[in-house]
Amino acid sequence: MRMTRLLTRTLRQDPAEAETPSHRLMLRAGMISQVAAGVYAYLPLAQRSLRKIEEIIRQEMDAAGGQELRMPALQPLETWQETGRAGAFGQNLFHLKDRRDRDLVLAPTHEEVVTALVRANVQSYRDLPLVLYQIQTKFRDEPRPRAGLIRVREFDMKDAYSFDADEEGLDRSYRRMMEAYSAIYSRCGLSTLAVEADSGAIGGKDSHEFILPAESGEDIILRCQRCHYSANAERATFRLPPVEAEPEQPLEEVRTPGVKTIAALADYLGVPSSKTLKAVFYSADGHVVFVTLRGDLDVNEVKLKNLLKCTELRLATDEELQGAGLVPGFASPIGLSGVHRVGDASIRVGSNFVAGANKPDTHLRKANYPRDFQVDVMADIALARDGHGCPQCGAPLSGIRGIEVGHVFKLGTVFSETLGARYLDREGVQRPITMGCYGIGVGRLLAGAIEQNHDDKGIIFPTPIAPYQVHLVALNVDDPDVSREAEALYQRLSAQGYEVLFDDRVESAGVKLNDADLIGLPVRLLVSPRSLKQRSVELKARRERNAQVVPLEEADARLQHVLGGS
RNA sequence: CGGGGAGUAGCGCAGCCCGGUAGCGCGCCACGUUCGGGACGUGGAGGUCGCGGGUUCAAGUCCCGCCUCCCCGACCA
């Protein structure tokens with residue numbers, strides 16, 4: 001491809017809206033163009049990368065026994081009401097009406113349709129196992145699209161679905177998919193981490209995310225520094241440091257004027273925050289829920305949501321609190337009745353806590369569970385943090401940020417039971433099909449790759465997903481020798497099957513070299529009057545510091561060497 | 001949805017407070033000079049100032065309403 005023919009140009013200045021490196025660099029390199037919030041046009045350079053990523057995904061899915069198909073993005077709303085997921089997705093589901101006023105949705109994922117397909121086509125255990133996949137555009141009306149391609153409302157995703165006779169079969173399919181995922185990332189030249197994840201509102205037991213470590217990532221991952229434990233913070237469990245046993249003392253009231261936060265309270269009374277009880281109120285599908293946990297911990301809302309099995313969970317408003325007879329800032333589990341009470345396991349670790357008194361400017365000292373108050377449910381609903389103890393070995397956990405570039409779930413029989421996807425086993429008994437689902441965001445993977453591979457000059461593409469392999473740069477194209485030799489080299493390399501981006505523009509050296517660094521193709525070949533004096537080109541790997549001078553006729557052989565024989 | 005910010009040429013911005021011919025840098029076009037890390041000169045093209053209403057002799061600027069985009073949070077299979 002000649003750069004004089006390429007649709008876009010590079011930008012010298014950073015576009016104002018971009019903050020994240022991948023977003024900024026993709027805009028500057030002319031790869032993407034925003035059409036609406038979270039909606040992008042993929043320009044030729046990006047499109048080539050995306051196609052390479054898709055091709056790698058297809059090869060690995062096929063190798064793992066997958067069959068590619070394609071399901072519609074446009075679906076009737078009823079499909080989503082049958083499984084109750086119209087509600088579960090809520091506002092995130094794009095809704096529209098057709099000319100006859102029928103309700104349609106733009107699908108955010110395809111469990112319903114694929115399950116219905118399998119129901120119609122699978123009758124016997126002989127038809128199983130089965131892995132179906134597609135690469136299809138998904139629509140999710142995200143509350144806040146952000147960071148370029150990292151969180152968007154329209155995006156291409158590879159989604160795969162496995163169908164097995166039983167749990168053991170699912171375990172095999174699941175393992176196989178995880179292996180395929182690892183192969184995909186490694187072939188893309190990326191290092192990822194498989195971590196335990198929350199399975200969401202309608203997940204099954206097991207779920208893993210593939211995380212690409214990156215500063216700009218939205219997810220926090222906790223990894224054990226000693227053993228192999230690693231999990232998304234949404235999911236992670238942890239051990240609390242042991243506390244010394246202390247005899248329970250009698251409850252006493254203490255004046256705490258205007259002290260409303262845990263930090264202020266600990267400071268005011270001169271106790272560590274781990275000696276306080278935190279009260280947090282939520283509205284779960286409209287019902288007030290009272291949560292108590294130790295003051296040094298925060299509520300993990302994902303755990304809480306799973307525990308309550310609700311679809312909408314938000315902090316309660318002060319009005320809702322007062323309606324339930326509670327005093328914001330001084331609310332207390334003690335003497336509380338009439339609301340659903342959830343206690344975190346941490347309130348059993350420690351004693352003689354400071355708690356609210358449920359009247360203004362007053363707290364209680366020496367509160368003890370269960371002596372002074374009870375809860376309706378006791379569970380782990382605390383958020384794990386950097387420094388907490390590993391649930392498996394107790395060593396400290398450390399937190400890193402990362403981008404979720406893949407997510408796999410064991411769905412079990414949730415969908416097959418609801419939608420009636422059954423098969424006959426050997427004994428002639430009807431059983432629900434056991435399912436798994438497996439997703440990779442293609443565009444997010446590209447963005448993640450750039451997050452992980454760039455420097456202050458630009459992108460450093462991993463070869464397998466680079467839009468082109470070689471950036472052939474001619475300096476001084478007015479010089480007939482340069483123009484002739486560069487042209488000849490372009491033709492020759494292209495004929496040999498190399499993917500060459502040929503900078504044949506009339507531009508100064510600085511512009512061309514900076515653009516080459518910005519676009520970040522793996523290898524740069526430079527033809528100039530200077531190099532031609534030695535009948536040579538300069539070859540420089542984007543990742544390397546220095547260039548090497550290579551005789552013109554050896555350029556192909558050197559390229560093959562550098563690109564690893566492709 | 002809560003908080004903050006912004007919409008003026010393809011990109012980055014000034015002008016708005018204090019109403020009076022719409023500007024700067026980059027990019028773009030032409031010619032010439034340059035030519036290995038974002039060159040220089042000369043001449044040019046390019047704008048419903050986000051949209052609608054109002055005030056006024058006159059609105060990019062003042063007033064009202066709306067829309068869009070970005071950031072933080074909430075949210076997020």
Side-chain angles (χ1 to χ4, degrees), chain A residues 7-20 23-24 27-28 30 33-39 85 88-93 107-111 138 140-148 150-153 155 157 159 161 197-204 206-210 216 218-219 232 234-235 282-283 301-302 305-306 311-315 317 403-404 406-411 414-415 436-441 444 457-458 473-479 482 505-518 524 526-533 538 540 547:
Chain A
L7 171 67
T8 47
R9 66 183 58 265
T10 55
L11 302 176
R12 292 194 182 184
Q13 283 163 308
D14 284 337
E17 73 265 22
E19 306 221 327
T20 318
H23 188 198
R24 204 182 67 235
L27 285 170
R28 281 196 54 203
S33 170
Q34 186 172 10
V35 174
V39 180
R85 291 212 303 171
F89 266 92
Q91 293 277 95
N92 265 26
L93 196 59
T109 174
H110 284 74
E111 281 81 4
K138 309 290 193 209
R140 296 183 186 178
D141 197 358
E142 296 286 346
R144 186 155 90 86
R146 56 177 290 274
I150 305 238
R151 182 165 292 279
V152 287
R153 297 193 296 169
F155 60 101
M157 175 168 147
D159 46 326
Y161 305 88
D198 178 66
S199 52
I202 312 196
D206 278 340
S207 173
H208 288 86
E209 283 172 346
F210 289 83
S216 55
E218 300 177 298
D219 289 276
N232 193 308
E234 293 176 345
R235 152 85 181 215
Y282 287 92
S283 163
E301 295 185 1
V302 173
K305 197 171 173 181
N306 290 340
T311 53
E312 195 217 349
L313 182 74
R314 57 170 173 80
L315 287 172
T317 61
I403 300 166
E404 176 191 349
H407 202 157
V408 297
F409 300 81
K410 288 186 183 174
L411 293 173
V414 183
F415 286 92
C437 73
Y438 316 88
I440 290 183
R444 185 185 278 189
K457 313 256 352 169
V473 179
L475 292 191
N476 267 323
V477 286
D478 291 343
D479 182 323
V482 169
R505 298 174 302 169
V506 181
E507 285 288 355
S508 71
V511 169
K512 291 191 166 201
L513 296 176
N514 279 302
D515 278 350
D517 286 343
L518 174 61
R524 186 182 81 193
L526 194 63
V527 178
S528 72
R530 191 196 283 179
S531 78
L532 286 181
K533 267 186 206 141
E538 275 172 39
K540 181 181 167 300

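Numbered from 1 within each chain, the chains take letters A, B, ... in sequence-line order. Only a predicted model underlies this, so the values are computations on that prediction, with no experimental measurement involved.
In this structure B/A58 sits in no base pair that meets the Watson-Crick or G-U test at under 3.5 Å. In this structure, B/A6 and B/U68 make a Watson-Crick or G-U wobble pair, each of the two defining distances being under 3.5 angstrom. The partner of B/G38, taking Watson-Crick or G-U wobble pairs whose two distances both stay under 3.5 Å, does not exist in any strand shown. Shown here, B/A74 forms no base pair; nothing in the strands shown gives a Watson-Crick or G-U wobble contact with both key distances under 3.5 Å. Base pairing of B/C11: its partner is B/G25, meeting the Watson-Crick or G-U wobble criterion (both donor-acceptor distances under 3.5 Å). The base-pairing partner of B/G19, taking Watson-Crick or G-U wobble contacts with both distances under 3.5 Å, does not exist among the strands shown.
The separation of B/C66 from B/C26, taken at their P atoms, amounts to 41 Å, rounded to a whole angstrom. B/A30 sits 15 Å from B/A45 when the P atoms are compared, rounded to a whole Å. Distance check on atom C1': B/G7 versus B/G60 gives 12 Å, rounded to whole Å. Nucleotides B/A59 and B/G53 place their C1' atoms 13 Å apart, quoted to the nearest Å. As rounded to the nearest Å, B/G50 and B/A9 have C1' atoms that lie 15 Å from one another. Separating the C1' atom of B/G27 from that of B/G10 is a span of 7 Å, rounded to the nearest Å. Spacing of P atoms, B/U8 relative to B/C69, comes out at 14 Å, to the nearest Å. Spacing between B/A22 and B/C18 at atom P, rounded to whole Å, works out to 22 Å.
Within 6.0 Å of the CD atom in A/Glu218, the count of heavy atoms belonging to other residues, nucleotides or ligands exceeds 12.
Heavy atoms of A/Glu19 sit under 4.0 angstrom from primed sugar atoms or phosphate atoms, though from no base atom. Here A/Gln34 lies in heavy-atom contact (under 4.0 Å) with sugar-phosphate atoms only. A/Ala147 comes within 4.0 angstrom of the backbone, heavy atoms only, and of no base. Residue-level contact check: A/Asp14 touches the backbone only, with heavy atoms under 4.0 Å from sugar-phosphate atoms and none from bases. Heavy atoms of A/Arg524 sit under 4.0 angstrom from at least one base atom. Contact annotation for A/Lys457: base contact, defined as any heavy-atom pair under 4.0 Å involving a base atom. Among the atoms of the strands shown, base atoms are found under 4.0 Å from some heavy atom of A/Glu111.
In this structure, of B/C11, B/G36, B/A39, it is B/C11 that holds the atom nearest to the side chain of A/Leu11. When each of B/G37, B/G38, B/C69 is scored by its nearest atom to the side-chain atoms of A/Ala509, the top-ranked nucleotide is B/G37. Minimum atom distance to the side chain of A/Gln13 is reached by B/C11, of the listed B/A77, B/C11, B/G38. The listed nucleotides are B/C28, B/C76, B/C70; the one nearest the side chain of A/Glu507 is B/C28. Distance from the side chain of A/Arg530 is smallest for B/G36 among the nucleotides B/C76, B/A77, B/G36. Comparing B/G73, B/C70, B/U34 by their closest approach to the side chain of A/Asp478 singles out B/U34. Residue A/Phe415 has its side chain nearest to B/A77 when only B/G12, B/A77, B/C71 are considered.
The distance between the ring centers of A/Phe210 and A/His208 does not fall below 6.0 angstrom.
One finds no side-chain N or O of A/Arg12 lying less than 4.0 angstrom from the OP1 or OP2 phosphate oxygen of B/G12. A/Ser508 has no side-chain polar atom (N or O) that falls below the 4.0 Å cut-off from OP1 or OP2 of B/G38. In this structure, A/Arg146 does not reach the B/C71 phosphate: none of its side-chain N or O atoms is under 4.0 Å from OP1 or OP2.
At a cut-off of 3.5 angstrom, counting only N and O atoms as typed in the model, there is a donor on one side and an acceptor on the other between the side-chain of A/Glu538 and the base of B/G36. A/Arg140 contributes no side-chain N or O that forms a donor-acceptor pair with the base of B/C76 under 3.5 Å. Applying the 3.5 Å distance criterion, the base of B/G37 shares a donor-acceptor pair with the side chain of A/Asp517.
Between A/Glu17 and A/Arg444, the residue anchored closer to the 5' end of RNA chain B is A/Glu17, taking for each the nucleotide with the nearest heavy atom. If A/Gly148 and A/Glu404 are placed on RNA chain B by their nearest nucleotide, the residue sitting closer to the 5' end is A/Gly148.
Whole-Å rounding puts the A/Arg9 CZ to B/G10 P distance at 13 Å. Note: CG (A/Leu27) to C1' (B/G10) measures 13 Å, nearest angstrom. Taking atom CG of residue A/Leu518 and atom P of nucleotide B/G37, one finds them 18 Å apart after rounding to whole Å. Taking atom CG of A/Leu526 as the reference point, atom C1' of B/C35 lies 13 Å away to the nearest angstrom. A/Arg153 places its CZ atom 14 Å from the C1' atom of B/C70, with the value rounded to the nearest Å. Atom CG in A/Asp159 sits roughly 15 Å away from atom P in B/A77 (whole-Å rounding). In this structure, the CG atom of A/Asn514 is 16 Å from the P atom of B/C26, given to the nearest Å. Protein atom CZ of A/Arg28 is 14 Å distant from nucleotide atom P of B/G38, rounded to whole Å.
Residues A/Arg140 and A/Val152 are not in side-chain contact: their nearest non-hydrogen atoms beyond the backbone lie 4.5 Å or more apart. Inter-residue side-chain proximity for A/Arg524 and A/Asp517 is flagged as met; some heavy-atom pair is nearer than 4.5 Å. You'll find the side chain of A/Asp479 stays beyond 4.5 Å of the side chain of A/Ser528, heavy atoms only.
Side-chain polar atoms of A/Glu111 and A/Thr109 form a donor-acceptor pair below 3.5 angstrom.
Between A/Arg151 and A/Glu142, at least one side-chain nitrogen of the basic residue sits less than 4.0 Å from a carboxylate oxygen of the acidic one, meeting the salt-bridge criterion. Look at A/Lys138 and A/Asp159 and you find a salt bridge, because one of the NZ, NE, NH1 or NH2 atoms lies within 4.0 Å of a carboxylate O, short of that distance.
Distance check: A/Arg28 CZ to A/Asp515 CG gives 8.5 Å after rounding to the nearest 0.5 Å.
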